Amino acid sequence: MYTISKQSNKKAWAGAIAEPAKEFPLTQLPIISGKIPNGLRGKLYRNGPARLERGGRRMGHWFDGDGAILSVNFTDGGATAVYRYVQTTGYKQEAAADKLLYGNYGMTAPGAFWNQLLKPVKNAANTSVIALPDKLLALWEAGRPHALDLQTLETWGEDDLGELNKGLPYSAHYKRDDQTGEIFNFGIIPGLNAKLNIYKSDATGKIIQQTTYPLDGIPIVHDFVLAGQYLVFCIPPVRLNFFPVLLGSSFGDALEWKPQLGTQILVFDRQTLSLVSRSETKPWFQWHFVNGHLDASGSAIIDIACYEDFQTNQYLKEVPTGKTHTSAQSTLTRVHLQPQTGKVTSIEQILDRHCEFPKVPDQNVGQASRYTYFSSFSKGTDISQELVNAIARFDFQTQTLVETNLKPNLYPSEPQPAQDAQNPQQNWVITVVYDGNSHSSEVWVFDSDRLDAEPVCQLGLPSVIPHGFHGTWNPV
């Protein structure tokens with residue numbers, strides 16, 4: 001059994017990424033405690049960086065790890081799971097060579113200086129997933145999605161969704177309207193001034209409409225939000241300085257925080273994909289939006305996981321080393337803006353607790369949602385030293401927070417709400433938990449109304465699942 005050396009001074013979470021993850025075939029999961037709810041039927045898919053080293057060299061940033069997909073299927077006969085790496089071209093080439101060959105967000109390609117400039121970055125397929133009727137897509141920030149078999153997780157290869165020609169990127173943070181089935185997404189095309197590509201797809205994933213909008217410089221745009229009839233992008237004041245890249249710096253290290261630029265707000269019409277308004281407001285940074293909706297007056301209400309600056313990038317860079325020392329707190333923050341003018345009328349911090357990997361129930365995306373689920377830190381945690389070690393639910397109606405009360409050295413992944421198939425009023429919350437005490441991983445199911453109670457079900461997994469990023473729930 002793997003154990004963290006006391007001499008290393010590393011926290012228990014480091015055990016989950018100390019070694020590359022081990023795949024496993026379709027496996028019946030043992031029930032450790034409780035029972036699977038009768039109405040919980042469907043599949044959980046989760047993606048994340050599962051390999052952070054190759055040939056004795058560690059990758060430069062958490063974002064650089066090779067993606068692997070976990071599928072957990074809840075049926076009348078119990079739960080089964082499959083775990084497989086996404087077989088990207090870069091992954092297969094590096095596996096054959098048993099060494100790193102490519103650069104990425106936080107690292108340059110090994111070898112001669114010209115190799116760093118000429119070698120393309122590796123599509124790590126490690127950030128999120130979207131379940132379509134006939135395939136699963138593994139999503140990454142700066143390239144095409146990879147299509148996988150929904151059942152076996154066999155990698156079929158890159159997918160152009162009918163329109164992603166010439167390597168157009170398709171980001172990890174799509175938004176799907178549960179009522180219409182429409183899927184919205186974007187991609188950033190680099191250049192002296194980057195371009196924002198916006199895509200609209202039908203329920204099959206096929207792109208049926210797209211547009212391109214010029215940006216100022218090369219910003220980092222990780223997510224956007226659907227709010228009623230609008231798509232809203234908040235462009236944080238982070239810009240790529242290409243000069244250090246030419247001298248051998250990684251992209252992640254060449255990003256500069258420029259608060260004097262403020263945050264740019266771009267509002268697009270979801271039907272035409274045309275620009276409605278553009279404005280600027282105070283500087284902040286966000287990786288993730290929580291959700292958006294329109295109130296009765298037509299004002300857009302945008303909830304974000306808000307950082308005061310870009311220190312989060314340094315924290316995430318430290319994660320692959322197994323030891324962090326940078327504090328980076330994100331708080332649940334609500335922005336009110338007028339879509340037709342882009343004017344921000346108020347910015348309000350809702351909670352002073354750390355908020356990351358936020359989720360609302362799928363049926364509420366783009367609409368008002370009473371509940372928001374997110375990852376956080378338990379009270380008293382030194383956030384500079386730890387990974388998120390709690391999940392929580394905030395009730396906007398009652399203004400109350402309910403959070404897990406886990407034992408030390410337990411690390412839950414992003415909380416995934418799942419609607420009960422028999423009772424639409426009942427929601428469950430599924431998370432994958434790494435236990436740093438036993439160096440093992442489990443699937444936990446909570447009653448969404450009782451996150452502070454024991455999970456209603458705990459399922460054992462055959463091998464450790466490293467800390468991941470994003471997932472989705474695919475109901476029966």
Side-chain angles (χ1 to χ4, degrees), residues 24-48 68-84 128-138 148-154 174 176-181 183 203-205 357 359-365 367 369-373 391 393 404 412-433 441-451 453-462 465 468 470-476:
F24 55 80
L26 185 65
T27 303
Q28 186 79 28
L29 301 185
I31 295 179
I32 297 172
S33 71
K35 61 171 291 189
I36 299 172
N38 293 332
L40 183 64
R41 296 295 181 266
K43 283 190 176 182
L44 170 73
Y45 294 102
R46 286 201 51 79
N47 196 354
I69 310 296
L70 173 69
S71 168
V72 182
N73 188 19
F74 296 88
T75 71
D76 292 342
T80 58
V82 183
Y83 188 51
R84 297 184 71 173
S128 189
V129 284
I130 179 169
L132 299 173
D134 60 346
K135 58 194 170 187
L136 182 74
L137 297 182
L148 288 77
D149 187 281
L150 284 163
Q151 309 302 325
T152 67
L153 302 185
E154 174 189 358
Y174 63 92
R176 177 157 49 188
D177 187 312
D178 197 58
Q179 295 182 347
T180 68
I183 301 167
T204 71
F357 303 119
K359 283 267 189 173
V360 298
D362 291 341
Q363 62 269 26
N364 294 338
V365 171
Q367 305 176 38
S369 180
R370 176 176 175 178
Y371 301 116
T372 286
Y373 303 87
I391 57 175
R393 187 187 77 173
T404 53
S413 67
E414 168 195 69
Q416 178 60 57
Q419 190 175 43
D420 190 277
Q422 300 175 0
N423 178 12
Q425 302 306 312
Q426 172 69 59
N427 278 279
W428 309 101
V429 178
I430 313 171
T431 183
V432 178
V433 177
S441 291
E442 299 174 1
V443 178
W444 287 20
V445 180
F446 287 90
D447 183 329
S448 67
D449 291 326
R450 304 179 67 235
L451 282 183
E454 292 295 311
V456 298
C457 184
Q458 293 175 244
L459 302 164
L461 288 166
I465 308 298
H470 305 291
T472 190
W473 172 249
N474 194 26
V476 172

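Remember, predicted model here, so these are calculated numbers, not experimental data.
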- Task: Compare all side-chain heavy atoms of Ile391 with those of Trp444 and state whether any distance is below 4.5 angstrom.
- Result: no

- Search all heavy atoms of Leu70 against all heavy atoms of Ala81 and return the closest pair with its distance. CD1-CB, 4.4 Å

- Between Gly78 and Ile36, the two heavy atoms sitting closest are C-CD1, 3.7 Å

- Item | Interatomic distance, Ser71 atom OG to Gln151 atom CD [nearest 0.5 angstrom] | 7.5 Å

- Going by heavy atoms in the side chains, are Pro417 and Asp362 under 4.5 Å from each other? no

- Message: Show the nearest heavy-atom pair for residues Arg176 and Ala131, with the distance to one decimal.
- Response: NH1-O, 3.0 Å

- Message: Quick check for you: to the nearest 0.5 Å, what is the distance between Gln416 atom CD and Lys359 atom NZ?
- Response: 4.0 Å

- Query: Is the number of heavy atoms from other residues, nucleotides or ligands under 6.0 Å of Glu454 CD greater than 12?
  - Reply: no

- Would you find a donor on one side and an acceptor on the other, under 3.5 Å apart, between the side chain of Tyr45 and the backbone of Leu150? yes

- Task: Describe, in one word, how the ring planes of Phe24 and Tyr83 are oriented to each other, choosing from parallel (under 30°), tilted (30 to 60°) and perpendicular (over 60°).
- Result: tilted

- Task: Using modelled atom types only, decide if a donor and an acceptor are shared between the side chain of Gln458 and the backbone of Glu442 within a distance under 3.5 Å.
- Result: no

- Query: Does a side-chain heavy-atom distance below 4.5 Å link Arg46 with Val432?
  - Reply: yes

- Message: Please determine whether the number of non-hydrogen atoms from other residues, nucleotides or ligands lying under 6.0 Å from atom CZ of Arg370 exceeds 12.
- Response: yes

- Message: According to salt bridge (Lys or Arg N to Asp or Glu O under 4.0 Å), who are the partners of Asp76, at least two apart in sequence or on a separate chain?
- Response: Arg41

- Does the side chain to side chain donor-acceptor pair (under 3.5 Å) test come out yes or no for Ser369 and Asn364, once each step is laid out? CA-CA 6 Å; Ser369 180; Asn364 294 338; 3.2 Å; yes

- Message: Nearest 0.5 angstrom please: Ile430 CD1 to Trp473 CH2, how far?
- Response: 4.5 Å

- Task: Search all heavy atoms of Ala79 against all heavy atoms of Phe74 and return the closest pair with its distance.
- Result: CB-CD2, 4.3 Å

- Task: Test side-chain contact (heavy atoms from CB on, under 4.5 Å) on Val82 and Lys43 and set out the steps.
- Result: CA-CA 11 Å; Val82 183; Lys43 283 190 176 182; over 6 Å; no

- Task: Determine yes or no for a side-chain-to-main-chain donor-acceptor pair under 3.5 angstrom, with Arg84 supplying the side chain and Thr152 the backbone.
- Result: yes

- Under a 4.5 Å cut-off applied to non-hydrogen side-chain atoms, are Asn474 and Leu136 in contact? no

- Item | Contacts of Pro37 that satisfy side chain to side chain contact (heavy atoms under 4.5 Å, CB included) - sequence neighbours left out | Leu40, Trp428, Val445, Val456

- Smallest heavy-atom separation, Asp420 atom then Gly39 atom, equals OD2-CA, 3.2 Å

- Checking side chain to side chain contact (heavy atoms under 4.5 Å, CB included) against Tyr174, which of Val129, Leu137, Val365, Thr472 comes through? Thr472

- Message: Working to the nearest 0.5 angstrom, can you tell me the gap between Leu148 CG and Ile69 CD1?
- Response: 6.0 Å

- How long is the gap from CD on Gln419 to CD on Gln426, to the nearest 0.5 Å? 10.0 Å

- Task: Drop me the distance from Leu461's CG to Leu459's CG, to the nearest 0.5 angstrom.
- Result: 7.5 Å

- Do you know the tightest heavy-atom contact between Ile465 and Ser441? N-OG, 2.9 Å

- Between the side chain of Thr431 and the main-chain N/O of Ser413, is any donor-acceptor distance below 3.5 Å? yes

